[in-house]
Colleague: 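Below you'll find the structure I mean.
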Amino acid sequence: MSRNVKILLLIGGLVFALVAVATCIRLFHNQPQEISTSEFINLIENGQLTKIHIDGDRIVGERKDGSGGVTTTSSKTMPLVIAAIEGQNQTIDYDEEVSDNKGQWLSSMINILFLVMLVFIGYTIIRSFRAKAKDGGGGGGFFGTGNMTQDKAVRLDGQSKKTFADIGGIDEVLEEVKEIVDFLRNPDRFRQRGARMPKGCLLVGQPGVGKTLIGQAVAGEAGVPFFSVSGSEFDEMFVGVGSARVRSLKKKLKENAPCVCFIDELESLGRKRGVTHSGGQEEKQNTLNQFLQLMDGMDSDSGIVFMAASNQPDVLDPAITRAGRFDRHIHVPPPDVRGREIILGIHIRNNGVPLTEDLDLAEVAKITYGMTGADLENLVNEAALEATRRNLDIVDFACFSEAADKVQLGLARKSLIITPEEKSIVCVHESGHVLASYNNPAHDLPQKVTCVPRGPGLGVTHFAPDSDRYLLNKEQLLAKIESYLGGRVAEEVIIGQITTGASNDLEMVKAYAMAMVTKYAMGSLGQMSFGKHAGGYLGQDAVERDYSEQTAQLIDEQVRKLVGDCYLRVRDLIDAQRENLLLVANAL
Ligand code: ATP
């Protein structure tokens, strides 16, 4: 919900609260005080009451001193009260309707007033949005709702300061985008040869691999403005707002051409029809159409280059990726060990982090397996913080190692108090992982094991491969399942009791076994995969079932057998290596 709508709702809420409080005060104030009949008669006889009227068997009067009304209920003693009133030569008003009518009239007035205010606020909101949707931004609007439909493209102050020197580990990607820089710098070179630059370039990769950074560096190298807007910014609950934002963006780009327009989370803007997402399907389609028109309307002479980033290219509408739109797709991979070393060097240089002379960044890169550029930037900062905490003037390998643990395993929760029994269970459990992996040549060697709670777990065993790996064979996948089962089996064999500590391990066991059977055809169901998988290494993201109930049963049987066999192997191993397991557990 936008800020302006929130303000309006807040004002509406406040008005409502004020009216409610005022009504309560008024009602409370007008409520006559209930007293006994004898007290009422006393007040009459002392001449302290006026405006007396009878309402059924209730008699109400007002104190002459202005301190409020009084009332008494009196059916049997009514003649006595009337006699007392007549004795004082006072008149009785039997027309109680008068006062009630007054009350009703007042409350009706308040209700009508309240309704009128609500209608006014609603009308103003709608009018404001309609006006904005028509003119595509600018102008006044109630409480500044004028900003509602303006595109939220962020222009970096001045030119982008990033260059290709700030990017490491993805040289092939930079080679691809260098052409765009050439085009932005010298479009005539392309035009003379009748070449047209691809209008849109889609960068695909997991979060943090540097997609936005590439866009900034392209603009920085070409010396043109860089506009960045998120696809989700076009996603509004109000009709016409998304389309109006696209029109406003178009205006801004034309005014600043040549320039780079970077659209992050393209899938929020250009999601396929029929792929589930929250409502407003038609409105989203309108916004997408408007955006496609914007792209089509920009010829290559306009000097506007669109770059976009997406983590889920498979959900993009084909209309957005067809030739002439985002037709150049560039995969941005996470960096390999050499790339990680370069990226570490870049961030150490950019942040001016002082290092010990003997620090080998290649060694640091080895302990950062699987980290993206964003993780590495974070790691450098964490290492510098660690050095500060330790009061060191220069950052050494130990600081990087601690920082890597923090980034990969989570923060050490040293203050968490766990009982000695629980601690020994955790030690046995982690030792089970160590033993199952250490004794399996197909598994990576355990790199670090701890029973200090880190992140969500009470203990962690961390593995790092000797080199980066892009393929896993069947033996390696089975070794992973056995390693996960090691913790549970160790509890069973050594403690004679199983605990909830293995729940995450068991989830992973199932994910690996399922992926082996359904995604990689490593069971005995033939050479085919089962179910549609939306990506993800393990295939736990199977989103659609495309097989029969009978096949589902076969899959379940295969998965159960595969895990069962792994369990028996681990059980045999831990039974045989009981002594070694206790050694590791005691050391922990
Ligand atoms: P998301 O998909 O979440 O938007 P992204 O792929 O766009 O992520 P960026 O925002 O470009 O990632 O990267 C975040 C930060 O990580 C960058 O500002 C940069 O400091 C660092 N970074 C990422 N990749 C690299 C790289 N290859 N070289 C140097 N720094 C990098």
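Both counts, for ligands and for their atoms, begin at 1 and track the order of listing. We count residues from 1, following the sequence as given.
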Colleague: Determine whether the side chain, the backbone, both or neither of Ile214 has a heavy atom under 4.0 Å from any heavy atom of ligand 1.
Modeller: neither
Colleague: Of all the non-hydrogen atoms in the protein, which one sits nearest to atom 22 (N) of ligand 1, and at what distance?
Modeller: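 Here the nearest protein heavy atom works out to Gly373 C, 3.6 Å.
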Colleague: So does Asp188 have more than 12 non-hydrogen atoms from other groups sitting under 6.0 Å from CG?
Modeller: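 Counting neighbours around CG of Asp188, more than 12 heavy atoms of other residues, nucleotides or ligands fall under 6.0 Å, so yes.
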Colleague: Could you identify the single nearest non-hydrogen protein atom to atom 3 (O) of ligand 1 and state the distance to 0.1 Å?
Modeller: Pro207 CB, 3.6 Å
Colleague: What do we get for Glu377 next to ligand 1 when only non-hydrogen atoms under 4.0 Å count, side chain, backbone, both or neither?
Modeller: side chain
Colleague: Measure the distance from atom 7 (O) of ligand 1 to every protein heavy atom, then report the residue, atom name and distance (to 0.1 Å) of the closest one.
Modeller: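 Among all protein heavy atoms, the one nearest atom 7 (O) of ligand 1 is Thr212 OG1, 2.6 Å.
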Colleague: Should Lys480 and Glu475 count as an ion pair when the cut-off is N to O under 4.0 Å?
Modeller: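 No, Lys480 and Glu475 are not salt-bridged.
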Colleague: Counting only nitrogen or oxygen atoms and a 3.5 angstrom limit, does Val209 reach ligand 1?
Modeller: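 Min N/O separation from ligand 1 is below 3.5 Å for Val209.
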Colleague: Would you check whether Gly169 reaches within less than 4.0 Å of ligand 1, judged by its heavy atoms?
Modeller: no
Colleague: Any nitrogen or oxygen of Gly168, side chain or backbone, less than 3.5 Å from one on ligand 1?
Modeller: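 Yes: some nitrogen or oxygen of Gly168 is under 3.5 Å from one in ligand 1.
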Colleague: Closest non-hydrogen protein atom to atom 2 (O) of ligand 1, residue and atom name please, with distance?
Modeller: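 Here the closest protein heavy atom is Lys211 NZ, 2.9 Å.
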Colleague: Looking only at N/O atoms, are Ile167 and ligand 1 under 3.5 Å apart anywhere?
Modeller: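 No, since none of the N or O atoms of Ile167 sits under 3.5 Å from an N or O of ligand 1.
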Colleague: Are Ser401 and Lys448 close enough that a side-chain donor and a side-chain acceptor fall under 3.5 Å?
Modeller: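 Indeed, the side chains of Ser401 and Lys448 share at least one donor-acceptor pair under 3.5 Å.
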Colleague: Please could you name the atoms of ligand 1 that Asn311 approaches to less than 4.0 Å, counting only its heavy atoms?
Modeller: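 Per the distance check, 2 (O).
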Colleague: If you look only at pairs with a residue in residues 312-340, which of them pass as a ring-ring contact (aromatic ring centres under 6.0 Å, His included), with sequence neighbours excluded?
Modeller: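 Counting only pairs at least two positions apart or across chains, no ring-ring contact (aromatic ring centres under 6.0 Å, His included) contact touches residues 312-340.
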Colleague: Which residues satisfy the salt bridge (Lys or Arg N to Asp or Glu O under 4.0 Å) test with Asp505, sequence neighbours excluded?
Modeller: none
Colleague: Decide salt bridge (Lys or Arg N to Asp or Glu O under 4.0 Å) for Arg390 and Glu386; before the verdict, give the C-alpha distance in whole Å, the side-chain angles of both, and the deciding distance to 0.1 Å.
Modeller: CA-CA 6 Å; Arg390 294 185 188 185; Glu386 186 60 30; 3.0 Å; yes
Colleague: Consider every N or O of Leu213 and every N or O of ligand 1, then say whether any pair is closer than 3.5 Å.
Modeller: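 For ligand 1, there is an N or O atom that lies under 3.5 Å from one belonging to Leu213.
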Colleague: Atom 14 (C) of ligand 1: which protein heavy atom is closest, and how many Å away?
Modeller: Ala374 CB, 3.9 Å
Colleague: For atom 4 (O) of ligand 1, which protein heavy atom lies nearest, and how many Å away is it?
Modeller: Asp264 OD2, 3.3 Å
Colleague: Using a 4.5 Å cut-off on heavy atoms from C-beta on, say whether the side chain of Val305 contacts that of Val224.
Modeller: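 Not in contact.
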Colleague: For ligand 1, note which part of His347 has a heavy atom under 4.0 Å away: side chain, backbone, both or neither.
Modeller: side chain
Colleague: May I ask you to test the Ile367-Gln447 pair for a side-chain heavy-atom distance under 4.5 Å?
Modeller: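 Side-chain contact under 4.5 Å: yes.
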Colleague: Could you check Lys252 against Glu255 for salt bridge (Lys or Arg N to Asp or Glu O under 4.0 Å), going step by step and ending with a plain yes or no?
Modeller: CA-CA 5 Å; Lys252 204 183 241 183; Glu255 283 165 7; over 6 Å; no
Colleague: To the nearest 0.1 Å, how far is atom 29 (C) of ligand 1 from its closest protein heavy atom, and which atom is that?
Modeller: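 Nearest neighbour among protein heavy atoms for atom 29 (C) of ligand 1, to 0.1 Å: Asp166 O, 3.3 Å.
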Colleague: Check this for me, if you would: do Glu341 and Lys366 make a salt bridge, where the nitrogen-to-carboxylate-oxygen distance has to be below 4.0 angstrom?
Modeller: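 No.
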Colleague: Return the closest protein heavy atom for atom 12 (O) of ligand 1 as residue, atom name and distance.
Modeller: Gly210 N, 3.3 Å
Colleague: State whether the number of non-hydrogen atoms from other residues, nucleotides or ligands found under 6.0 Å of Phe397 atom CZ is greater than 12.
Modeller: yes
Colleague: Heavy atoms only, cut-off 4.0 Å: how does Val332 contact ligand 1, side chain, backbone, both, or neither?
Modeller: neither
